[in-house]
Amino acid sequence: MNYWLMKSEPDVFGIEHLQQRPNQTEPWDGVRNYQARNMMRDQMQEGDLAFFYHSNCKVPGIVGVMEIVRAGYPDPTQFDPETKYYDPKSNPDKPRWYLVDVKFKQTFKRTISLTELKEHPELEDMPLVRKGNRLSIMPVTAEQWAFIVGLE
DNA sequence: GCCAACGTTGGC
DNA sequence: GCCAACGTTGGC
């Protein structure tokens, strides 16, 4: 059982969108970063929990929790020229990009903002609060998870 | 294999 | 909208 944090722009796909999906479940597609890919492909397991983080918006921060309900499998959008995630260099016999399915669990009563997260020394090791880090998916330790949940 | 140029992320 | 930081690309 692992913990994660996954970023998404709320204007594109926010936690409300996830909540409104059939079965409140959605493939987390479009990730085109190798580090993030590796985590989804090799480490994420069914039953893992992840924070939903809203990025590139007025108040960036953690807005809720979701569950990984399907472990890594090839991202179909890489083979679909109709999508903006199409990758002509990816070979179907050896897919370059992977994703997981996530399911809505809960929306926090308030957004735990990036500003607030940065104030706590308990969280200073999180890539999220480190200057210049742009990873869209990152691991969260059990200690960090419990601490953040306690902030709500 | 180096590294400059370019594109993207994402906070502010 | 700006721009710093970073990842990727491609020429050599």
Side-chain angles (χ1 to χ4, degrees), chain A residues 2-21 26-44 48-68 71-141 143-145 147-152:
Chain A
N2 306 301
Y3 297 104
W4 306 95
L5 180 145
M6 301 167 82
K7 297 181 186 173
S8 185
E9 301 186 20
D11 293 342
V12 180
F13 188 80
I15 195 164
E16 316 78 26
H17 298 105
L18 179 60
Q19 194 173 6
Q20 287 160 17
R21 288 297 149 135
E26 181 76 358
W28 199 262
D29 60 18
V31 173
R32 297 292 180 267
N33 168 279
Y34 288 105
Q35 259 184 284
R37 186 279 309 268
N38 292 346
M39 287 186 268
M40 291 201 288
R41 187 188 59 188
D42 306 332
Q43 293 179 254
M44 283 195 182
D48 285 359
L49 296 177
F51 287 128
F52 198 126
Y53 179 92
H54 281 177
S55 66
N56 205 7
C57 57
K58 201 162 181 190
V59 184
I62 294 171
V63 294
V65 175
M66 52 197 172
E67 180 181 347
I68 310 305
Y73 64 100
D75 181 343
T77 64
Q78 69 195 303
F79 305 121
D80 182 357
E82 299 300 308
T83 75
K84 64 172 175 171
Y85 302 126
Y86 178 58
D87 182 352
K89 292 187 204 157
S90 184
N91 173 358
D93 294 330
K94 200 166 177 269
R96 179 179 291 190
W97 305 112
Y98 280 69
L99 49 66
V100 297
D101 287 355
V102 297
K103 179 168 185 169
F104 174 83
K105 288 280 279 185
Q106 93 181 93
T107 298
F108 286 156
K109 291 193 282 289
R110 65 186 189 89
T111 298
I112 303 170
S113 70
L114 178 62
T115 313
E116 179 177 354
L117 294 167
K118 283 179 172 169
E119 287 168 359
H120 297 288
E122 290 89 344
L123 304 176
E124 67 188 7
D125 291 334
M126 289 187 80
L128 183 71
V129 303
R130 303 238 142 181
K131 189 178 177 188
N133 194 292
R134 303 182 314 178
L135 254 192
S136 66
I137 296 179
M138 66 189 75
V140 174
T141 67
E143 292 77 17
Q144 290 161 351
W145 182 274
F147 183 82
I148 291 168
V149 167
L151 292 174
E152 189 196 354

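First the proteins, then the strands, lettered A, B, ... as listed; each starts at 1. Any value given below was found using the heavy atoms of this structure, including those in side chains, with hydrogens, waters and symmetry copies removed.
The side chain of A:Lys89 contributes no N or O atom lying less than 4.0 Å from OP1 or OP2 of C:dT8.
Counting heavy atoms from C-beta outward, A:Met39 and A:Leu135 have side chains that approach closer than 4.5 Å.
The aromatic rings of A:Phe51 and A:Trp145 lie parallel to each other, with less than 30° between the two planes, well short of the 60° mark. Ring geometry, A:Phe13 versus A:His17: the interplanar angle falls under 30°, so the pair is classed parallel (tilted spans 30 to 60°).
The distance from atom OH of A:Tyr34 to atom C1' of C:dT8 is 8 Å, rounded to the nearest whole Å. Nucleotide C:dG7 holds its P atom 7 Å from the CD atom of A:Gln35, rounded to whole Å. The CH2-P distance, from A:Trp97 to C:dG7, rounds to 13 Å in whole Å. When the P atom of B:dG10 is taken as reference, atom CG of A:Leu5 falls 11 Å away, rounded to whole Å. Going from atom CZ of A:Arg134 over to atom P of C:dA4 covers 14 Å, rounded to whole Å. One interatomic measurement links the two molecules: CZ of A:Phe13 to C1' of B:dG10, which rounds to 19 Å at whole-angstrom precision. For A:Met126 and B:dG11, the CE to P distance is 13 Å, given to the nearest whole Å. Atom NZ of A:Lys7 is separated from atom C1' of C:dC6 by 12 Å (rounded to the nearest Å).
Using a 4.0 Å cut-off between a side-chain N of Lys or Arg and a carboxylate O of Asp or Glu, A:Asp75 and A:Arg37 do not qualify as a salt bridge.
The side chain of A:Lys118 approaches B:dC12 more closely than any other nucleotide in the set B:dG10, C:dC6, B:dC12. Nearest to the side-chain atoms of A:Leu114 among the listed nucleotides C:dG7, B:dG10, B:dG11 stands B:dG11. The side chain of A:Pro60 has B:dG11 as its nearest neighbour among B:dG11, C:dG7, C:dG10.
The residue among A:Lys131 and A:Arg32 whose nearest nucleotide of DNA chain C is located toward the 5' end is A:Lys131.
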